[in-house]
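To start, the structure itself, in structure tokens.
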Amino acid sequence: MLFRLIKQAPLTEKVASQDGFIYLYRAMKFIGWIPPKEGLLRYVYFCWTLMTFGLCTFYMPLGFLGSYITQIELFSPGEFLTSLQVCINAYGCSTKVIIIYSQLWRLIKARELLDKLDVRCTSLEEREKIHSVVARCNHVFFIFTIIYCSYGVSTYLSSVLSGHPPYQLYNPFLDWHDGTLNMWIVSTLEYLIMAGAVLKDQLSDTYTLVYGLTLRTHLELLNGRISKLRTNPEMTEDENYEELVNCVLDHKLILEYCALIRPVISGTIFIQFLLIGVVLGIALINLLFFSDVWTGLACTVFIVAILLQTFPFCYICNLVVDDCEALAHAIFQSNWVGSGSRYQSTLFYFLHNVQQPIVFIAGGILPITVSSNISVAKLAFTVITIVKEMNIADRFKTE
């Protein structure tokens with residue numbers, strides 16, 4: 001069953017944390033990011049990788065620039081803004097794709113680390129939480145797929161029904177002005193290229209959520225194990241100490257997991273922070289001043305997609321900081337009174353390390369938090385204010 005992974009599997013099935021990445025990595029394989037390890041198919045796949053990168057990562061942003069150079073006078077204000085909002089986002093998307101692809105080994109290695117953390121999940125309660133996060137991660141990817149595909153389809157249909165291609169990318173071989181057939185051919189080619197670009201954009205926006213949700217679950221599981229330390233009267237002091245050491249090792253694995261994904265997240269979120277205000281501003285201007293019903297619908301979906309690129313993960317980062325604080329409280333409130341000196345010294349060492357929260361920094365400059373996201377998104381309202389004060393929208397409409 002195609003969509004069975006978005007539902008929580010029963011506890012009778014064996015489920016690993018890596019299963020929450022299945023949809024994400026299937027999409028990566030489809031778009032040309034994860035080649036077969038050996039054989040002739042590896043070289044065939046490499047050709048597919050070159051084609052998707054050539055068309056979706058390099059040609060598409062350059063195609064926007066080419067169309068502005070050669071036929072800027074043919075754009076209506078609404079068509080130009082629709083093109084411009086996607087153009088700016090396309091350059092950001094291409095940059096994010098290059099960052100992720102060049103450091104994909106980090107994401108793969110971090111995912112493999114989860115198997116070591118899963119070994120400690122032996123109780124039914126812990127296994128249920130793993131089952132839950134696996135379904136949630138795949139569900140998130142599925143929801144993003146619907147939203148992003150809706151944008152591509154709605155933009156394509158609203159444009160062709162209005163009599164022009166969606167983005168009017170530079171095409172040296174076909175002129176969409178030469179008849180209806182050419183218009184449909186050019187529009188369909190643009191849609192196919194954009195579909196690949198949208199999928200890459202979706203991958204660059206959802207991997208943070210999948211890795212972030214999995215991180216939070218393992219922090220929660222570690223919290224539960226810490227709370228149970230020295231609560232079993234049948235365990236000896238040596239066994240209790242071994243459990244504490246295992247918790248310290250689990251935390252070390254979690255930190256290693258974060259260290260692997262941090263450089264990738266830092267680069268991609270930083271690019272998004274740089275662009276979100278301008279892109280949102282242009283999209284809102286297009287929606288408020290130049291859109292009809294159909295283009296307005298496409299523009300609304302685009303705005304939703306832009307907001308989903310950073311806000312959910314920023315919220316997760318806030319929750320991760322809270323989870324780290326909860327870990328420190330769990331250690332302090334655990335049943336350590338009356339334990340031996342070896343146990344207490346290890347516990348204090350553990351507490352000292354846990355008190356340093358897990359944080360992600362965009363570009364080494366901005367902390368990835370909801371507050372930072374709101375601050376950079378406010379630029380959109382600045383753009384709208386400038387347009388209103390200078391009556392730019394009215395001038396475009398009268399020309």
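- One finds the OH atom of Y167 at 4.0 Å from the CE atom of M194 (value rounded to the nearest 0.5 Å).
- Taking CG from L280 and CD1 from I88, the interatomic distance works out to 11.0 Å, rounded to the nearest 0.5 Å.
- Between the side chain of D118 and the backbone N or O of S17 there is at least one donor-acceptor pair closer than 3.5 Å.
- Members clustered with L50: F46, by chain and number, using a 4.5 Å side-chain heavy-atom cutoff among hydrophobic residues.
- With values rounded to the nearest 0.5 angstrom, E190 atom CD is found 8.5 Å from S159 atom OG.
- Side-chain contact between V279 and V86: absent, with no pair of heavy atoms (C-beta onward) separated by less than 4.5 Å.
- Looking only at side-chain heavy atoms (C-beta outward), Y25 and I108 come within less than 4.5 Å of each other.
- With sequence neighbours excluded, no residue forms a ring pair (Phe, Tyr, Trp, His ring centres under 6.0 Å) with Y241.
- Between G92 and L275, the shortest heavy-atom distance links the atoms CA-CD1, 3.3 Å.
- Ring orientation note: the planes of Y156 and Y191 are tilted relative to one another, at an angle of 30° to 60°.
- In this structure R216 satisfies the salt bridge (Lys or Arg N to Asp or Glu O under 4.0 Å) test together with D323, sequence neighbours excluded.
- At a threshold of 4.5 Å between non-hydrogen side-chain atoms, the residues Y343 and L229 count as touching.
- With sequence neighbours excluded, the residues satisfying ring pair (Phe, Tyr, Trp, His ring centres under 6.0 Å) with H251 are F350.
- The hydrophobic cluster containing L307 also contains Y315, counting ILVMFWY residues as joined when their side-chain heavy atoms lie under 4.5 angstrom apart, directly or transitively.
- By the salt bridge (Lys or Arg N to Asp or Glu O under 4.0 Å) test, E220 is found to be paired with K129, residues two or more places apart in sequence or in another chain being considered.
- W176 has its side chain out of reach of I185: every pair of non-hydrogen atoms, C-beta onward, lies at least 4.5 Å apart.
- No donor-acceptor pair under 3.5 Å is formed between the side chain of D175 and the backbone N or O of D178.
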- [ ] Start with the C-alpha distance between V359 and C317, add both sets of side-chain angles, then the distance that settles side chain to side chain contact (heavy atoms under 4.5 Å, CB included), and finish with yes or no.
- [x] CA-CA 7 Å; V359 294; C317 287; over 6 Å; no

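- When atom types are taken as modelled, the side chain of N138 and the backbone of A135 share no donor-acceptor pair closer than 3.5 angstrom.
- Using a 4.5 Å cut-off on side-chain heavy atoms (C-beta onward), P357 and E325 make no contact.
- Pairs engaging residues 30-50 under the side chain to side chain donor-acceptor pair (under 3.5 Å) rule: none recorded [sequence neighbours left out].
- Residue pairs meeting the side chain to side chain donor-acceptor pair (under 3.5 Å) criterion with at least one partner in residues 351-374, sequence neighbours excluded, are T310-N373, Y349-N353, T369-S372.
- The aromatic rings of Y151 and F302 lie tilted to each other, with the angle between the two planes from 30° to 60°.
- By the criterion of side-chain heavy atoms lying less than 4.5 angstrom apart, applied directly or through intervening Ile, Leu, Val, Met, Phe, Trp or Tyr residues, V186 is not grouped with I72; the two fall into different hydrophobic clusters.
- With a 4.5 Å cut-off on side-chain heavy atoms, R106 and P263 count as touching.
- Taking CZ of F21 as the start and CE of M28 as the end, the distance is 9.5 Å to the nearest 0.5 Å.
- For E13 (side chain) and P10 (main-chain N/O), no donor-acceptor pair under 3.5 Å exists by modelled atom type.
- For F270, the ring pair (Phe, Tyr, Trp, His ring centres under 6.0 Å) test picks out no residue, with sequence neighbours left out.
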- [ ] In sequence, state the C-alpha distance, the side-chain angles, and the governing distance for V370 and I374, and then conclude on side chain to side chain contact (heavy atoms under 4.5 Å, CB included).
- [x] CA-CA 6 Å; V370 173; I374 292 174; 3.8 Å; yes

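- There is a path of hydrophobic side-chain contacts, each under 4.5 Å, that joins I226 to V337.
- Between I368 and N318, the closest heavy-atom pair is O-OD1, 4.5 Å.
- L62 belongs to a hydrophobic cluster whose other members, connected by ILVMFWY side-chain contacts under 4.5 Å either directly or through intermediates, are L65, I69, Y91.
- For the pair T155 (side chain) and G152 (backbone), a donor-acceptor distance under 3.5 Å is absent.
- Taking both residues in full, the closest heavy atoms of D115 and A16 are given as OD1-CB, 4.5 Å, listed atom of the first, atom of the second, then distance.
- Ring-centre distance between Y68 and Y170: not below the 6.0 Å cut-off.
- Shown here for G20 and C137, the closest heavy-atom pair between the two residues is O-CB, 3.3 Å.
- Using a 4.5 Å cut-off on side-chain heavy atoms (C-beta onward), E237 and E242 make no contact.
- Side-chain N or O atoms of H131 include none that pairs as donor or acceptor with a backbone N or O of Q8 at under 3.5 Å.
- Of all non-hydrogen atoms in V97 and F53, the two that sit nearest each other are CG1-CE2, 3.8 Å.
- Checked against salt bridge (Lys or Arg N to Asp or Glu O under 4.0 Å), K228 has the following partners two or more places apart in sequence or in another chain: E125.
- The CG atom of L260 sits 11.0 Å away from the CG atom of L255 when rounded to the nearest 0.5 Å.
- Cluster annotation: V198 and I146 are assigned to the same hydrophobic cluster (Ile/Leu/Val/Met/Phe/Trp/Tyr, side-chain heavy-atom contacts under 4.5 Å, transitive).
- Between R120 and E126, no side-chain nitrogen of the basic residue sits less than 4.0 Å from a carboxylate oxygen of the acidic one, so the salt-bridge criterion is not met.
- Here side chain to side chain donor-acceptor pair (under 3.5 Å) pairs that include residues 257-282, with residues two or more places apart or in two chains, are K96-Q272, Y207-T268, Q272-Q309.
- Relative ring orientation between Y23 and F141 is described as tilted, the plane-to-plane angle lying within the 30° to 60° band.
- Between the T217 side chain and the L213 main chain, a donor and an acceptor come within less than 3.5 Å of each other.
- In this structure the side chain of C314 reaches within 4.5 angstrom of the side chain of F273, judged on heavy atoms.
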Open item on the list: Before you tell me yes or no, could you show the steps for R127 and S123 under side-chain hydrogen bond (donor to acceptor under 3.5 Å, both in side chains), namely the whole-Å CA-CA distance, both residues' side-chain angles and the distance that decides it to 0.1 Å?
Closed with: CA-CA 6 Å; R127 286 179 54 209; S123 69; over 6 Å; no

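- Cluster membership for F30 and L24, using ILVMFWY side-chain heavy atoms within less than 4.5 angstrom, is shared.
- Considering all non-hydrogen atoms of both residues, Y211 and L107 come closest at OH-O, 2.6 Å.
- Remark: the backbone N or O of F64 is paired with a side-chain donor or acceptor of S67 at under 3.5 angstrom.
- Annotation: salt bridge (Lys or Arg N to Asp or Glu O under 4.0 Å) contacts of R342 (sequence neighbours excluded): D238.
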- [ ] Determine, step by step, whether R230 and E243 satisfy the salt bridge (Lys or Arg N to Asp or Glu O under 4.0 Å) criterion, reporting the C-alpha distance in whole Å, the side-chain angles of both residues, the deciding distance to 0.1 Å, and the verdict.
- [x] CA-CA 9 Å; R230 297 187 79 247; E243 280 297 304; over 6 Å; no

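- Within the 3.5 Å criterion, the main-chain N or O of E128 finds no donor-acceptor partner in the side chain of S132.
- The closest donor-acceptor contact from the side chain of Q168 to the backbone of S83 lies at 3.5 Å or more, if one exists at all.
- A distance of 5.0 Å separates CD1 in I130 from CG in L221, rounded to the nearest 0.5 Å.
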